[in-house]
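These figures come from a predicted structure and were not determined experimentally. Any value given below was found using the heavy atoms of this structure, including those in side chains, with hydrogens, waters and symmetry copies removed.
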Amino acid sequence: MIAFVSGPVAALAPTLAVIEVGGVGMAVQCTPNTIAGLRMGETARLATSLVVREDSLTLYGFADDDERQVFELLQTASGVGPRLAQAMLGVHSPDALRLAVSTGDEKALTAVPGIGKKGAQKLLLELKDKLGAPLVGAQRAPVAAGPAPWTEQLAAALIGLGYASREAEEAVSAVTPQAEAAIAAGGSAPVPQLLRAALQTLNRAR
């Protein structure tokens, strides 16, 4: 098993990073939040999980070992593959997922694309004794003045992909109505989808 990769960041995409390891470019699937913490040319260390299929070998990368462990635990639930597990971590931090499962928060799970009400109920039952309690007492984000966390995550991801701060701010503004609609519907801002929409906005502007 490849436990981690470490080396210069050779390329970045919305959900993919290429890390140069010993002269070889390792393609690593990552959440937008993880991508946001990477910079082209800078050395990065990503905890990894190798998923083996008959026709493919896919390496998934994470900011730390805890995130990787939760990724692997999520897949012990029926119907959860690596893509859905990564989508869950793209929307929620490991501790936020632990909190959602420990408190039976269906809404938090249905905020993840691909998980409906019945699926959320099933996951809450299956994961209840697997994820454990939050490590640092995760709490729901309070309503406060200042930028919403999703705007900072999205802007950081766009800057990490090479866009200027001004371009990132304009793209965030362009997708804000989409994010607000998702939040008003009782969910959370879907950062992966917002990132794709923001990139489309930037491509049209160029």
Side-chain angles (χ1 to χ4, degrees), residues 1-98 109 111-115 119 123 127 130-131 149-150 152-163 168 175 188-200 202-203:
M1 177 183 174
I2 302 173
F4 71 89
V5 295
S6 179
V9 178
L12 288 172
T15 58
L16 179 78
V18 177
I19 308 297
E20 185 179 339
V21 182
V24 177
M26 305 286 284
V28 187
Q29 297 287 330
C30 303
T31 66
N33 291 346
T34 299
I35 293 290
L38 304 177
R39 295 291 181 271
M40 287 286 295
E42 294 185 5
T43 298
R45 183 187 188 279
L46 295 175
T48 55
S49 179
L50 180 64
V51 176
V52 180
R53 295 285 184 266
E54 288 185 4
D55 58 348
S56 66
L57 295 172
T58 306
L59 200 59
Y60 289 85
F62 310 93
D64 54 41
D65 293 335
D66 181 45
E67 195 171 62
R68 176 185 61 193
Q69 182 182 24
V70 170
F71 171 79
E72 293 172 348
L73 286 172
L74 290 172
Q75 293 175 74
T76 63
S78 58
V80 179
R83 289 188 181 278
L84 183 56
Q86 190 178 52
M88 293 171 75
L89 286 166
V91 175
H92 299 295
S93 68
D95 262 0
L97 283 172
R98 291 188 181 100
L109 294 188
V112 179
I115 299 180
L123 285 172
L127 295 172
K130 294 180 179 179
L131 294 188
W150 72 265
E152 297 175 350
Q153 293 171 4
L154 187 56
L158 291 169
I159 292 169
L161 290 170
Y163 290 96
V175 300
S188 59
V191 175
Q193 291 94 315
L194 293 172
L195 179 57
R196 285 192 287 271
L199 288 170
Q200 290 172 356
L202 288 165
N203 289 337

- Task: Determine the minimum heavy-atom distance between Ser6 and Ile19, stating which atoms define it.
- Result: C-CG2, 4.0 Å
- Met88 and Leu109: side-chain contact (heavy atoms from CB on, under 4.5 Å), yes or no, with the steps? CA-CA 8 Å; Met88 293 171 75; Leu109 294 188; 4.1 Å; yes
- Query: If you look at every heavy atom in Ala157 and Leu195, which pair is closest and at what distance?
  - Reply: CB-CD1, 4.2 Å
- Residues in side chain to side chain contact (heavy atoms under 4.5 Å, CB included) with Pro8, at least two apart? Glu20
- Compare every heavy atom of Leu38 with every heavy atom of Thr34, then report the nearest pair and how far apart it is. O-CG, 3.5 Å
- Contacts of Pro94 that satisfy side chain to side chain contact (heavy atoms under 4.5 Å, CB included) - sequence neighbours left out: Asp66, Glu67, Val70, Leu89, Arg98
- Task: Assess whether atom CZ of Arg39 is packed by more than 12 heavy atoms of other residues, nucleotides or ligands within 6.0 Å.
- Result: yes
- Item | By side chain to side chain donor-acceptor pair (under 3.5 Å) - contacts of Glu72 (at least two apart) | Ser49
- Could you tell me which non-hydrogen atom of Ala47 sits nearest to which non-hydrogen atom of Asp65, and how far apart they are? CB-OD1, 3.4 Å
- d(Tyr60 OH, Thr15 OG1) to nearest 0.5 Å is 9.5 Å
- Among all residues two or more places apart in sequence or in another chain, which pass the side chain to side chain donor-acceptor pair (under 3.5 Å) test with Thr58? none
- If you take all heavy atoms of Thr48 and Gly61, which pair is closest and at what distance? CG2-CA, 4.2 Å
- Any side-chain heavy atom of Val91 within less than 4.5 Å of one from Pro113? yes
- Verdict with supporting geometry, Ile35 and Leu16, side-chain contact (heavy atoms from CB on, under 4.5 Å): CA-CA 7 Å; Ile35 293 290; Leu16 179 78; 5.7 Å; no
- Item | Set of residues satisfying side chain to side chain donor-acceptor pair (under 3.5 Å) with respect to Ser78, sequence neighbours excluded | Lys122, Glu126
- Scanning both residues in full, the closest heavy-atom pair of Gln86 with Gln29 reads NE2-O, 3.1 Å
- Task: Output the distance between atom CG (Leu199) and atom CG (Leu161), rounded to the nearest 0.5 Å.
- Result: 6.0 Å
- Item | side chain to side chain contact (heavy atoms under 4.5 Å, CB included) partners of Ala85, counting only residues at least two apart | Phe71, Leu74, Gln75, Val80
- Note on the structure: Rounded to the nearest 0.5 Å, the NE2 atom of His92 sits from the CG atom of Asn33 at a distance of 11.5 Å
